[in-house]
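Counting from 1, the numbers follow the sequence of the chain as shown.
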Amino acid sequence: MATPNQLPPGKTPREYYGSELRRLREAAVPKMSQDRLGALTFVSGSYIGQLENAQRAPQLDLSIRIDVALDTDGALERLHELLEYSRFADYFQEAAEHEGRAASICEFAGHVVPGLLQTPDYARAVYLASQPLLMDGDLEELVAARMERQRLVNDPTGPELWFILDEAVIRRPVGGHQVMADQLNHIAALMKRRRLIVQALPFDAGAHALFGGMMSLMTFADAPPLVYQEGQYAGQLIDDNRLVARCQRAYDLVRAAALSPEASLDLILSAAEVHKHAKER
């Protein structure tokens, strides 16, 4: 049985759980169908199939019932720990898994630089703002996890990335003016390397369709699109086709109101200079 640090490469915890569930079910004597296992554990056979295909997140109580039905001596209960082990917040874990498989990610940021673009110093400031008593070791582990996500930005085979930043994100000196100057210069460098597209939504654009604060629209080569929205201490994945379409329209409206990538780069570099020469409070 894999431990959290021994997860097979190329598989998310949920995918590994699903493949192990399928293996254990098919190895049962006599071999058990999805329908039969579902009947024994009070779910549908199609639900078992969704678990095996990593389309559903398994629950601890169901894992225990499956262990009993398959006589696995608690294998899936122990494996469930893999799903609970994450350096990401609980509400972001599933979104992080989808993010790693996305063909494109379009994100609007109303208050904070998106995690995929953050520098370590900026990330530290964000974490300490909401958790001021974090121990150094815990803080550095959280920052390392955020930096690990950024392999998507540096991977030429990774998803196409498009970000819209409200001007408030650019102007607010998170971590102080020097940290903010470095953060904006980092974004500008990524833009110049053509690793992503960034547009700034200026204050004078007025009212817009995404006042909620943050939204990430993910598309996939082999699955329907998803939307992830996040507030303070909570996040939500949206897979309803009608809601996803509304979110896509809202993003398109904001994109149309934003500055061009070229004008956005000028604004970001100008703001970086303002932060660089500003006096710290």
Plane angle bin for H177 and H275 - parallel if under 30°, tilted between 30 and 60°, otherwise perpendicular: tilted

Given E107, M215, R255, the one that forms side-chain contact (heavy atoms from CB on, under 4.5 Å) with I164: R255

Validation row: L190, V153 side chains within 4.5 angstrom (heavy atoms): yes

Beyond-backbone contact of L265 with V198, side-chain heavy atoms, under 4.5 angstrom: no

Non-hydrogen atoms of A123 and R146 that approach each other most closely: CB-CD, 4.0 Å

Derivation of the side-chain contact (heavy atoms from CB on, under 4.5 Å) call for T41 and V68: CA-CA 9 Å; T41 55; V68 172; over 6 Å; no

Closest non-hydrogen atom pair, L259 against A263: CB-CB, 4.0 Å

Gap between atom NE2 of H208 and atom CG of L253 - 0.5 Å precision: 11.5 Å

Derivation and outcome, side-chain contact (heavy atoms from CB on, under 4.5 Å), residues I170 and L184: CA-CA 7 Å; I170 297 169; L184 294 178; 3.9 Å; yes

Single-linkage hydrophobic cluster L226~L152, side-chain heavy atoms < 4.5 angstrom: yes

Check: M180 main-chain N/O paired with R172 side-chain donor or acceptor under 3.5 Å: no

R242 backbone acceptor or donor facing D240 side chain under 3.5 Å: yes

Single-linkage hydrophobic cluster, 4.5 Å side-chain cutoff, V227 and F220 together: no

Separation between CD1 of I268 and CG of L165, rounded to the nearest 0.5 Å: 6.0 Å

Euclidean distance, I64 CD1 relative to Q59 CD, rounded to 0.5 Å: 11.5 Å

Single-linkage hydrophobic cluster L51~L40, side-chain heavy atoms < 4.5 angstrom: yes

Atom of L37, atom of A69 and distance for their closest heavy-atom approach: CD1-CB, 3.8 Å

Side-chain touch L196/L117, heavy atoms, less than 4.5 angstrom: yes

Same apolar cluster: L269 and I187, side chain cutoff 4.5 Å: yes

Shortest non-hydrogen separation from P159 to A102 and the atoms involved: CB-O, 3.2 Å

Contact check, side chains of T219 and E160, non-hydrogen atoms, under 4.5 Å: no

Interatomic spacing from OH in Y228 to CD in E99 - rounded to 0.5 Å: 10.0 Å

Value rounded to 0.5 Å, distance of CE in M191 from OG in S264: 6.0 Å

More than 12 heavy atoms of other groups within 6.0 Å of D155 CG: yes

Heavy-atom closest pair, residues G206 and F211: O-CZ, 4.2 Å

Side-chain donor or acceptor of Q50 paired with backbone N/O of R56 under 3.5 Å: no

CZ-CD distance between R22 and Q34, expressed to the nearest 0.5 angstrom: 7.5 Å

Beyond-backbone contact of R195 with L161, side-chain heavy atoms, under 4.5 angstrom: no

Exam field: side chain Q150 to backbone T119, donor-acceptor pair closer than 3.5 Å: no

Stepwise side-chain contact (heavy atoms from CB on, under 4.5 Å) check, Q183 with V169: CA-CA 11 Å; Q183 173 66 73; V169 175; over 6 Å; no

Side chain proximity check, D138 to Y127, heavy atoms < 4.5 angstrom: no

Residue pair P202 / A258: nearest heavy atoms and the distance that separates them: CD-CA, 4.5 Å

Flag side-chain contact, heavy atom, 4.5 Å: H80 against L62: no

Derivation of the side-chain contact (heavy atoms from CB on, under 4.5 Å) call for D121 and R124: CA-CA 5 Å; D121 285 340; R124 289 186 187 94; 2.8 Å; yes

Crowding at CG, D136 (>12 non-hydrogen neighbours, <6.0 Å): no

E20 (side chain) donor-acceptor with L76 (main chain) under 3.5 angstrom: no

Within one Ile-Leu-Val-Met-Phe-Trp-Tyr cluster: I66 and Y16, side-chain cutoff 4.5 Å: yes

Within-4.5 Å side-chain heavy-atom neighbours: H186 and Y122: no

